Participant: 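Pasting a structure below so you can have a look.
When reading the values below, keep in mind they use all heavy atoms of this one structure, side chains included, and skip hydrogens, waters and symmetry mates. First the proteins, then the strands, lettered A, B, ... as listed; each starts at 1. Remember, predicted model here, so these are calculated numbers, not experimental data.
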Number of protein chains: 2
Amino acid sequence: MFKTAKFSRISENIVQQIRQAILKGELRPGDRLPSEKNLAENFGVSKASLREAFRALEALGLLEVRQGVSGGAFIQKVNLETTRDSITNYIFFQNPSIREFTELRSIFEPRIAEMAARRITDEDMIELEANLAQTKKELDAGRFSYELDISFHGKIASVARNSLICLIVDSMQNALVNIKQLIEPDLNFSKQVYLAHKRVFNSLRKRDPEKAAAEMLKHVQDVEKGLVKFCDVESHHLFGTPKELENSDP
Amino acid sequence: MFKTAKFSRISENIVQQIRQAILKGELRPGDRLPSEKNLAENFGVSKASLREAFRALEALGLLEVRQGVSGGAFIQKVNLETTRDSITNYIFFQNPSIREFTELRSIFEPRIAEMAARRITDEDMIELEANLAQTKKELDAGRFSYELDISFHGKIASVARNSLICLIVDSMQNALVNIKQLIEPDLNFSKQVYLAHKRVFNSLRKRDPEKAAAEMLKHVQDVEKGLVKFCDVESHHLFGTPKELENSDP
DNA sequence: AATATTAAAACATCTGATGTTTTAATATTT
DNA sequence: AAATATTAAAACATCAGATGTTTTAATATT
């Protein structure tokens, strides 16, 4: 099934062969690879090298290795979390300004809200309402839940019925959490977010695309203002000033 | 510097410790970790386990390991390619419909063109012009270059001066290539793309945001029509029908 | 000063032994 | 017969140590 490993690093060669087999459709989610011992023999490499390849494939989200008698290496569908984490890593080093961030969100969040207003079902509304109720509860207890914030935007994205959009929204939201968690949660800010979410929801309930888009745009822009206020006002960057991230030799 | 490794899989534990150290700013791009031997001793693990962790970190784009006397494990900035490949993997399994794809591109490509029209410099124009000239040359030779297509959209995204937008455009464009390469390049389609790019460029040159947005929207929608025509019209999915991707037991 | 040689640092790979997890199969009990 | 407990084997996890390869800084030579 596989060619003998050659070229530079063996594990990398194996990773590429398996990734290609997946992209070509020869290996599919759920498929189990032969046992370490057998596969190492097939590839003509040692167990150690094969295991290094497995760790890389796991990091990419393409493989899951389980112990036990019915265990082994199973091909996996790459999931949202893996992809989002990769994007978060990238954004961390890119260290975009809050302006860049808001610019992007201003582009797609209103459009998503618009789409959601057209496509929302009664079940979706129930879920969003539950989210708002929970958020209110947290707020009354003096807390702000990042999970609920992510989940609100994520739910709207999912109502738009577009998996690509879901990925982007989730990733951006996730990156935002990384900054928000560094800030002491300001209760007034939290309340503003809650009220904005509520206004968006009301527009969705009325199935009013234009209003939904307008409310969402305002929300995104208000969040930016909040972020700029809390963050290092000099830098306006999410993960510290660019200078701090420059390379240093001790 | 590092705690002794505990919990489930040792390599995963090490990956998390190093990733956290990076996100906390304790490790920065260019930093060199101690040698395999020393670091394994520090962590209290075997060389094999440490190497597995290294392979995972390399897959995530966070580390580069080099051989030789001045070699070692160096922390890296996660680059665009790594992130884009991760997104491509996700999109492969998600297998979005061409409609979803176009829907997303319709949202941001026009806005990007609009931004580019406001921010474009003379140097940018020269680069775009060179891209068009090359595309024309290829076209006259009866060829169509995916690289040039990617590069055109990528360049406009870069003119918008927003790294997040660059990532998204590049990723989507990259995923599109995966499908386009499966299709025999239709010369008429190629020519349409070229002419559309030219119209977008002309709007940018005139620094006319509205026109640029309108031309770009039309281009994206025309590309969809082309894709739908070439692809399996039944499925309208980029990577084969969803049925084909279902799990199978041989 | 330029070039060739060399030696050492650091990773790359392999082998084989031992330990741990998981579960299917079996045995036992109720 | 059904529920429960036991067991054994499959498969991965980890380790230790030997050997090989790459790369380059240091040295020697021209």
Participant: What is the base-pairing partner of C:dA12, counting Watson-Crick and G-U wobble geometry with both distances under 3.5 Å?
Facilitator: D:dT19
Participant: Could you check whether A:Ser35 and A:Asn38, counting side-chain N and O atoms only, form a donor-acceptor pair closer than 3.5 Å?
Facilitator: yes
Participant: Choose from C:dA10, C:dA12, D:dT14 the nucleotide whose nearest atom is closest to any side-chain atom of B:Glu36.
Facilitator: C:dA12
Participant: Is there, by distance only and without an angle test, a donor paired with an acceptor across the side chain of A:Gln67 and the base of C:dT20 below 3.5 Å?
Facilitator: yes
Participant: Figure out the CD/P separation between B:Glu12 and D:dA13, and round it to whole Å.
Facilitator: 12 Å
Participant: Compare the minimum distances between each of D:dA13, C:dC14, D:dA11 and the side chain of A:Ser49, then state the nucleotide with the smallest one.
Facilitator: C:dC14
Participant: Between B:Arg32 and A:Arg66, name the one whose nearest nucleotide on DNA chain C is closer to the 5' end.
Facilitator: B:Arg32
Participant: Any chance the rings of A:Tyr146 and A:Phe144 have centres within less than 6.0 Å?
Facilitator: yes
Participant: Whole angstroms only, please: what is the CZ-P distance between A:Phe43 and C:dT13?
Facilitator: 14 Å
Participant: Could you work out which one of C:dA10, C:dT13, D:dA13 sits closest to the side chain of A:Arg9?
Facilitator: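 Nearest nucleotide to the side chain: C:dT13.
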Participant: Measure from the side chain of A:Ser35, starting at C-beta and using heavy atoms only, and say which of D:dA11, D:dT24, C:dA17 lies closest.
Facilitator: D:dA11
Participant: Scan A:Val169, A:Ile91, A:Ile87, A:Thr88 and name whichever one has a side chain to side chain contact (heavy atoms under 4.5 Å, CB included) with A:Asn174.
Facilitator: A:Thr88
Participant: Expressed as a whole number of angstroms, how long is the span from B:Lys37:NZ to C:dC11:P?
Facilitator: 11 Å
Participant: Counting only heavy atoms not in B:Glu64, do more than 12 fall under 6.0 Å of its CD?
Facilitator: yes
Participant: To the side chain of B:Val65, which of C:dA12, D:dC15, C:dA10 is closest?
Facilitator: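 Ranking C:dA12, D:dC15, C:dA10 by closest atom to the B:Val65 side chain puts C:dA12 first.
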Participant: Starting from C1' on C:dT21, measure out to CD1 on B:Ile10 and report it in whole angstrom.
Facilitator: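 My rounded result for the distance is 15 Å.
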Participant: Using the side-chain heavy atoms of B:Val69, tell me which of these nucleotides is nearest: C:dA9, D:dA13, C:dC11.
Facilitator: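 The answer is C:dA9.
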Participant: Figure out the CG/P separation between A:Leu50 and D:dT14, and round it to whole Å.
Facilitator: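 Atom-to-atom, A:Leu50 to D:dT14, this comes out as 15 Å.
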Participant: State the pairing partner of D:dA28; accept Watson-Crick or G-U wobble contacts with both distances under 3.5 Å, and report none otherwise.
Facilitator: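 WC or wobble partner is C:dT3.
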Participant: Nearest of D:dT24, D:dA18, D:dA13 to any side-chain atom of A:Arg55?
Facilitator: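 Of D:dT24, D:dA18, D:dA13, D:dA13 is nearest to the side chain of A:Arg55.
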Participant: How many Å lie between CD1 on B:Ile14 and C1' on D:dC15, as a whole number?
Facilitator: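 Distance check: B:Ile14 CD1 to D:dC15 C1' gives 13 Å.
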Participant: In whole Å, what is the span from the CG atom of B:Leu39 to the C1' atom of C:dA9?
Facilitator: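 Distance check: B:Leu39 CG to C:dA9 C1' gives 16 Å.
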Participant: Between B:Ser46 and D:dT14, is there a contact of a side-chain N or O with OP1 or OP2 at under 4.0 Å?
Facilitator: no
Participant: Test A:Gln67 against B:Arg9 for side-chain hydrogen bond (donor to acceptor under 3.5 Å, both in side chains), laying out the working first.
Facilitator: CA-CA 11 Å; A:Gln67 234 174 307; B:Arg9 199 184 278 147; over 6 Å; no
Participant: 5'-most contact on DNA chain C: A:Gly68 or A:Lys47, nearest heavy atom basis?
Facilitator: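 Final value for this comparison: A:Lys47.
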Participant: Rounding to an integer number of Å, can you tell me how far B:Leu63 CG sits from C:dC11 C1'?
Facilitator: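 Value for this atom pair: 12 Å.
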Participant: Pull out every protein N or O sitting under 3.5 Å from an N or O of nucleotides 25-28 of chain C, one pair per line with the distance.
Facilitator:
none

Participant: Once the angle between the rings of A:Phe152 and A:His197 is folded into 0 to 90°, is it parallel (under 30°), tilted (30 to 60°) or perpendicular (over 60°)?
Facilitator: parallel
Participant: A:Thr82 and A:Asn79: side-chain hydrogen bond (donor to acceptor under 3.5 Å, both in side chains), yes or no, with the steps?
Facilitator: CA-CA 6 Å; A:Thr82 304; A:Asn79 63 31; 2.7 Å; yes
Participant: Would you indicate whether the side-chain heavy atoms of B:Leu104 and B:Met172 approach each other to under 4.5 Å?
Facilitator: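 With C-beta onward as the side chain, the pair touches.
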Participant: Checking all strands, does B:Arg51 fall into the base, sugar-phosphate, or nothing category for heavy-atom contacts under 4.0 angstrom?
Facilitator: base
